[in-house]
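Right, one structure below, let's go through it.
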Amino acid sequence: TKAAEKKADAYEKTAKRITSALDEEIRINQINGKSTVELELKKQAVIRLVAQERIKALQAKIREAKLTGELDAEEIKALK
């Protein structure tokens with residue numbers, strides 16, 4: 001649905017800002033010889049969250065397409 005897609009897009013935009021900030025912190029820690037493990041884990045968690053939201057949006061789109069007949073079987077298969 002449109003709402004699910006908008007939500008996923010919002011997560012993606014926010015995630016880009018967060019991962020950019022984390023990348024900068026990681027670079028600073030690397031320069032200073034500090035561990036980056038925690039920051040890398042945070043970055044991965046953000047990326048996973050965005051992927052999960054994108055999956056939810058695609059699943060909603062598939063459900064909607066099946067109900068409305070908007071897409072044929074081939075198009076639905078391609079979305080999966």
Side-chain angles (χ1 to χ4, degrees):
T1 66
K2 295 269 187 207
E5 287 181 41
K6 283 185 178 183
K7 184 177 177 183
D9 288 342
Y11 269 100
E12 199 165 321
K13 287 177 186 176
T14 301
K16 284 181 183 180
R17 287 193 305 270
I18 292 170
T19 56
S20 179
L22 287 169
D23 283 340
E24 184 63 26
E25 282 189 63
I26 290 166
R27 279 192 291 277
I28 290 168
N29 279 5
Q30 287 172 335
I31 290 168
N32 292 324
K34 295 181 180 178
S35 174
T36 60
V37 174
E38 288 299 317
L39 294 170
E40 293 284 354
L41 290 173
K42 286 179 184 179
K43 182 178 171 183
Q44 289 176 10
V46 169
I47 292 168
R48 277 194 305 274
L49 178 63
V50 170
Q52 290 168 345
E53 288 303 317
R54 185 58 62 195
I55 289 169
K56 288 178 188 177
L58 284 172
Q59 288 171 335
K61 185 174 185 173
I62 290 169
R63 279 193 304 274
E64 182 179 344
K66 284 180 181 178
L67 291 174
T68 62
E70 180 181 323
L71 302 175
D72 63 28
E74 294 271 331
E75 292 169 317
I76 290 172
K77 187 176 181 181
L79 286 175
K80 291 182 179 182

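Computed over heavy atoms, backbone and side chain alike; hydrogens, waters and symmetry mates excluded.
Checked against side-chain contact (heavy atoms from CB on, under 4.5 Å), Ser35 has the following partners two or more places apart in sequence or in another chain: Val37. Considering only residues two or more places apart in sequence or on other chains, Lys56 meets the salt bridge (charged side-chain N to carboxylate O under 4.0 Å, His left out) condition with Glu53. Scored by the side-chain contact (heavy atoms from CB on, under 4.5 Å) test, Gln44 finds Leu41, Arg48 as partners (sequence neighbours excluded).
For residues 18-33, the side-chain hydrogen bond (donor to acceptor under 3.5 Å, both in side chains) pairs, not counting sequence neighbours, are Asp23-Lys43, Glu24-Arg27. Pairs of residues two or more places apart, or lying in two chains, never qualify as salt bridge (Lys or Arg N to Asp or Glu O under 4.0 Å) while including a residue from residues 30-41.
Counting heavy atoms from C-beta on, the side chains of Thr14 and Arg17 come closer than 4.5 Å.
Interatomic distance, CD of Glu5 versus CZ of Arg54, reported as 7.0 Å (0.5 Å rounding). Going from atom CD of Gln52 over to atom CD1 of Ile47 covers 12.0 Å, rounded to the nearest 0.5 Å.
In terms of heavy atoms, Val50 sits closest to Tyr11 at CG2-O, 3.7 Å.
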